[in-house]
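Beneath this line is the structure, given in structure tokens, with notes to follow.
Quick note: numbers below take in every heavy atom, side chains included, and nothing from hydrogens, waters or symmetry partners.
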Amino acid sequence: METEKKTQTTTDHMTDRDLSEQIKKVTKESHVRAENTELMLSFQRGQVSLQQYKLLLCSLYEIYQALEEELDRNSDHPGVAPIYFPAELARLESIEKDLEYFYGLNWREKIVVPGSNKKIQPQTQTENPEFLVAHAYTRYLGDLSGGQVLGRIAQKSMGLKGSEGLSFFAFPGVSSPNLFKQLYRSRMNSVELTEEQRNGVLEEAVRAFELNIQVFDDLQKMLSVTENKQQSCLAHSRSVNSKTLQIPGTLISASPLLRMVLGVFVALATVSMGIYAF
Ligand code: HEM
């Protein structure tokens, strides 16, 4: 890509003062913890289940909806404009495509997002749109890094044919993820920040990782609860030899809504999400 080539040279001279270096450094430990969440370990072992992947897509839908809405809204802000790459990076439509593949045309009715999500007003971010850099970095650079391998693993683990259901991992607007990451880092480094803002962005990046970790953990917990319920229901149905005790799907829809901390914009933004159908 033309833009990728143009800025490549600037990245050859990174210094310790570069935001891209600092952000990588401060989030290093969190990255290790993110890699070691149960969900990510399932991926790395090549054992990601369809349920895990579908739930992950639902979470990602929430995360990217909020993230991309804010990026669009603040795209002219000097702290956001340099790292605003909707054509290359935007994920929301890809996730919607994947959700449609797995849940069908009426997928929107199957993932429930209560009003509490919409009530979350990113006050802090309205005052500090430059914090968006931290969230965009955490997600997009991750997707362009380990995420690329995860896509291939997911395809194999779930036995999917071709790329259907895996649009999330594909970046057709990015010809070389490595070059693009260099461009992105140089753009991050071009954002002018006061010392206070810089520290704020670095703290926000750690928080973004932590919130993503929390989303993964909650998702995994929800799966365990669902699996346990299904198992105990089946065991019970066997023990009483009942023909009427039933249906995992019903159990799932009746189970408490998934509470998630959404990994974007507001430190304590809690999102509730109910999943009806696997
Ligand atoms: C199975 C889990 C994961 C694996 C195997 C993995 C692996 C990797 C690898 C190999 C890189 C490239 C490192 C480099 O170029 O020096 C990377 C970078 C990155 N990953 Fe992950 N990752 C995983 C999960 C995550 C998660 C869950 C997030 C965030 C939510 C994340 C965010 C990032 C970011 C932001 C970078 C860019 C670092 C930088 O160059 O500044 N990763 N990851």
* Asked: Would you say Glu130 and Val80 make side-chain contact, with heavy atoms under 4.5 Å?
  -> no

* **Set of residues satisfying ring-ring contact (aromatic ring centres under 6.0 Å, His included) with respect to Phe216, sequence neighbours excluded** => none

* If you round to the nearest 0.5 Å, how far is OG of Ser75 from CD of Glu68? -> 12.5 Å

* Do Lys24 and Tyr137 have side chains that get closer than 4.5 Å, going by heavy atoms? -> yes

* Asked: How many angstroms lie between atom CZ of Arg108 and atom CD of Glu96, to the nearest 0.5 angstrom?
  -> 4.5 Å

* Flag the pair Tyr184 / Leu89 as yes when at least one side-chain heavy-atom distance between them is below 4.5 Å, and no otherwise. => yes

* To do: Look at the aromatic rings of Trp107 and Tyr61 and report parallel, tilted or perpendicular, splitting at 30° and 60°.
  => perpendicular

* To do: Might you work through the side chain to side chain contact (heavy atoms under 4.5 Å, CB included) test for Phe43 and Leu56, ending with a clear yes or no?
  => CA-CA 11 Å; Phe43 265 96; Leu56 176 63; 3.8 Å; yes

* To do: Would you name the heavy atoms of Phe102 and Gly165 that are closest together and state the gap between them?
  => CE1-O, 3.5 Å

* To do: Quick one: closest heavy-atom pair of Arg139 and Ile63, and the distance?
  => CD-CG2, 4.0 Å

* Asked: Between Ser145 and Lys181, is any pair of side-chain heavy atoms under 4.5 Å apart?
  -> yes

* Kindly indicate whether the side chain of Leu183, heavy atoms from C-beta on, has any atom under 4.5 Å from the side chain of Leu179. => no

* Asked: Does the ring center of Tyr64 lie less than 6.0 Å from the ring center of Phe168?
  -> yes

* Asked: Applying the 4.5 Å side-chain criterion to the ILVMFWY set and letting contacts propagate, would Leu219 and Ile213 be lumped into a single cluster?
  -> no

* Structure fact -> Hits for side chain to side chain contact (heavy atoms under 4.5 Å, CB included) against Arg17, two or more places apart or cross-chain, chain-then-number order -> Thr15, Gln22, Glu195, Arg198

* Asked: If we only count heavy atoms from C-beta on, is the Leu202 to Ile23 side-chain gap below 4.5 Å?
  -> yes

* To do: Of all the heavy-atom pairs spanning Ser94 and Ala90, show the shortest one and how long it is.
  => OG-O, 4.1 Å

* Point-to-point distance, once rounded to the nearest 0.5 Å, from CG of Asp18 to OG of Ser190 -> 10.5 Å

* Asked: Could you go step by step and tell me if Glu203 and Phe131 meet the side chain to side chain contact (heavy atoms under 4.5 Å, CB included) rule?
  -> CA-CA 9 Å; Glu203 276 170 27; Phe131 283 7; over 6 Å; no

* **Which atom of Gly79 lies closest to which atom of Pro82, heavy atoms considered** => C-CD, 4.2 Å

* Structure fact -> Across all chains, not counting sequence neighbours, the ring-ring contact (aromatic ring centres under 6.0 Å, His included) partners of Phe171 are none

* Scan residues 29-39 for pairs that pass side-chain hydrogen bond (donor to acceptor under 3.5 Å, both in side chains), counting only residues two or more places apart or in two chains. => Ser30-Glu210, His31-Glu35, Arg33-Glu210

* Lys/Arg N to Asp/Glu carboxylate O, Asp217 vs Lys221, below 4.0 Å -> no

* Asked: For Ser59 and Val215, which heavy atoms make the closest approach, and how far apart are they?
  -> CB-CG1, 3.7 Å

* **Parallel, tilted or perpendicular, as decided by the 30° and 60° cut-offs, for the rings of Tyr53 and Phe169** => parallel

* **Audit row: Leu60, Arg91, side chain to side chain contact (heavy atoms under 4.5 Å, CB included) steps and yes/no** => CA-CA 9 Å; Leu60 292 175; Arg91 299 289 78 205; over 6 Å; no

* Asked: side chain to side chain contact (heavy atoms under 4.5 Å, CB included) between Phe180 and Phe85: does it pass, once the steps are laid out?
  -> CA-CA 11 Å; Phe180 191 86; Phe85 287 101; 3.7 Å; yes

* To do: Would you mind reporting whether His135 and Leu71 have side-chain heavy atoms less than 4.5 Å apart?
  => no

* Asked: Closest heavy-atom contact between Met188 and Ser20?
  -> CE-CA, 4.1 Å

* Under-4.0 Å salt bridge between Arg185 and Glu21 -> no

* Asked: How long is the span from the CG atom in Leu55 to the CG atom in Asp218, to the nearest 0.5 Å?
  -> 11.0 Å

* To do: List in chain and number order the residues that pass side chain to side chain contact (heavy atoms under 4.5 Å, CB included) with Thr138, two or more places apart in sequence or in another chain; answer none if no residue qualifies.
  => Ala208, Phe209, Asn212

* **Close side-chain approach of Met40 and Leu150, heavy atoms under 4.5 Å** => yes

* Leu67 CG to Leu132 CG distance, which is reported to the nearest 0.5 Å -> 7.0 Å

Would you list the atom pairs, donor with acceptor, under 3.5 Å between side chains in residues 151-164 and any protein atom, with sequence neighbours excluded?
{"from": "Gln155", "atom 1": "NE2", "to": "Gly162", "atom 2": "O", "distance (Å)": "2.4"}
{"from": "Ser157", "atom 1": "OG", "to": "Gly46", "atom 2": "O", "distance (Å)": "3.1"}
{"from": "Ser157", "atom 1": "OG", "to": "Ile153", "atom 2": "O", "distance (Å)": "2.9"}

